Amino acid sequence: MNQTHTEKKAKPITPKVHELIANTKSVILATADAEGNPNSSYAPFVQMENTFYILVSFMAKHTKNLADGRKTSVMFIEDESAAKQIYARERLTLETSVSQIERDSETWNNAVTKLKETHGKVVDVISGMGDFILIALQPVRGSYVNGFGSAYFVDANLEIVEHRNDVNHQSK
């Protein structure tokens, strides 16, 4: 029996990059050490302008990787319990440049204040500990996915550049 398969293309869903970020409290971190060994973790964040700030401890492996300024990728992802389809969770993945913010600088004070407003009084405690540093994650480029056939390239300003339109997708 000879069957033909008609491929039905999924219609792209309108991107909601900024809403995903606004509805997320922590960011998943992908870092690497000096030997290139990968490490994944997470950290609560705040966004100021177009930069994400995280307060992290040197007790965590990812902090040394971040402090050394190595390439870092971050991901914001829809909660599993809210996803209609586990294979198509809404997500934003960004390549970022990394910089450490000087303690007690204006940026440090503003970010720590916003972290406290967003994540509570625990920030008062951990920001006073000597092993915690403030890291700025500046987007370089990335991708945003919000369903099957609905993937986009994102620029450093978190704006959609273009629909991925079958880039890296092949039919078998």
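Bear in mind that the values here come from a model prediction, so they are computed numbers and not experimental data.
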- prompt: Between Asn146 and Lys16, is there a donor-acceptor pair closer than 3.5 Å when you use the side chain of the first and the backbone of the second?
  reply: no
- prompt: When rounded to the nearest 0.5 angstrom, what distance separates CG in Asn39 from NZ in Lys61?
  reply: 5.5 Å
- request: Before giving the answer on side chain to side chain contact (heavy atoms under 4.5 Å, CB included), spell out for Leu134 and Ile54 the whole-Å C-alpha distance, their side-chain angles and the decisive distance to 0.1 Å.
  value: CA-CA 6 Å; Leu134 184 67; Ile54 57 175; over 6 Å; no
field: Shortest non-hydrogen contact from His163 toward Ala151
entry: CD2-O, 3.3 Å
query: For Glu159, does its backbone N or O pair with a side-chain atom of Asn157 as donor and acceptor, under 3.5 Å?
result: no
- prompt: If two hydrophobic side chains count as joined below 4.5 Å and joins carry through other members, does Leu94 share a cluster with Val17?
  reply: yes
- prompt: Does a salt bridge link Arg89 with Glu78, judged by any charged N lying under 4.0 Å from a carboxylate O?
  reply: no
query: In this structure, are over 12 heavy atoms from other groups packed under 6.0 Å from Glu162 atom CD?
result: yes
- prompt: Do Ser73 and Thr93 pass the side chain to side chain contact (heavy atoms under 4.5 Å, CB included) test, and can you show the C-alpha distance, the side-chain angles, and the key distance before you say yes or no?
  reply: CA-CA 7 Å; Ser73 177; Thr93 305; 3.5 Å; yes
query: Of the non-hydrogen atoms in Ser26 and Tyr42, which two are nearest, and what is the gap between them?
result: CB-CD1, 3.7 Å
message: Quick one, Asp124 and Lys116 - any side-chain contact, counting heavy atoms below 4.5 Å?
response: yes
field: Test side chain to side chain contact (heavy atoms under 4.5 Å, CB included) applied to Glu80 and Ile86, step by step
entry: CA-CA 7 Å; Glu80 285 182 8; Ile86 196 69; 3.9 Å; yes
- prompt: Could you give the distance from CZ (Arg91) to OG1 (Thr24), rounded to the nearest 0.5 Å?
  reply: 13.5 Å
query: How are the rings of Phe76 and Phe45 set relative to one another: parallel (under 30°), tilted (30 to 60°) or perpendicular (over 60°)?
result: perpendicular
message: If you count every heavy atom of other residues, nucleotides or ligands that lies below 6.0 Å from Lys114 atom NZ, does the total exceed 12?
response: yes
- prompt: Taking all atoms of both residues into account, what is the closest heavy-atom pair of Leu158 and Gln47, and its distance?
  reply: CD1-NE2, 3.7 Å
- request: Give the minimum heavy-atom separation between Leu137 and Leu66, together with the two atoms involved.
  value: CD2-CD2, 4.2 Å
field: ILVMFWY cluster, Leu55 and Val27 together (side-chain gap under 4.5 Å)
entry: no
- prompt: When hydrophobic residues are tied together by side-chain contacts of less than 4.5 Å, even through go-betweens, does Val140 share a cluster with Val161?
  reply: no
task: Flag yes if Tyr152 and Val74 sit in one hydrophobic cluster, no otherwise; membership is Ile, Leu, Val, Met, Phe, Trp, Tyr, and two members link when side-chain heavy atoms are under 4.5 Å apart.
output: yes
Tyr144 with Ile77, same ILVMFWY side-chain cluster at under 4.5 Å: no
- prompt: Do the non-hydrogen side-chain atoms of Thr96 and Phe52 ever get within less than 4.5 Å of each other?
  reply: no
task: Supply the atom-to-atom distance Asn110 CG to Tyr53 OH, rounded to the nearest 0.5 angstrom.
output: 8.5 Å
- request: Kindly indicate, with the supporting measurements, whether the criterion side chain to side chain contact (heavy atoms under 4.5 Å, CB included) is fulfilled by Val56 and Ile133.
  value: CA-CA 6 Å; Val56 290; Ile133 61 172; 4.1 Å; yes
- prompt: Got a sec, which residues hit salt bridge (charged side-chain N to carboxylate O under 4.0 Å, His left out) with Asp33, two or more places apart in sequence or on another chain?
  reply: none
query: About how many Å separate CG of Leu92 and OG of Ser143, when rounded to the nearest 0.5 Å?
result: 7.5 Å
- line: Smallest heavy-atom separation, Ala32 atom then Asn65 atom, equals O-CG, 3.3 Å
- request: For Met129 and Arg103, work out which heavy atoms get closest and say how close.
  value: O-NH2, 3.1 Å
- prompt: Nearest 0.5 Å, what's the OG-CD distance between Ser99 and Gln138?
  reply: 8.0 Å
query: Taking the side chain as C-beta and beyond, is there a heavy-atom pair between Lys121 and Val125 under 4.5 Å?
result: no
field: Option from Thr72, Ile135, Leu29 for which side-chain contact (heavy atoms from CB on, under 4.5 Å) with His62 holds
entry: Leu29
query: Which value, rounded to the nearest 0.5 Å, describes the distance between Asp79 atom CG and Lys25 atom NZ?
result: 11.5 Å
- prompt: Going by heavy atoms in the side chains, are Met59 and Asp131 under 4.5 Å from each other?
  reply: yes
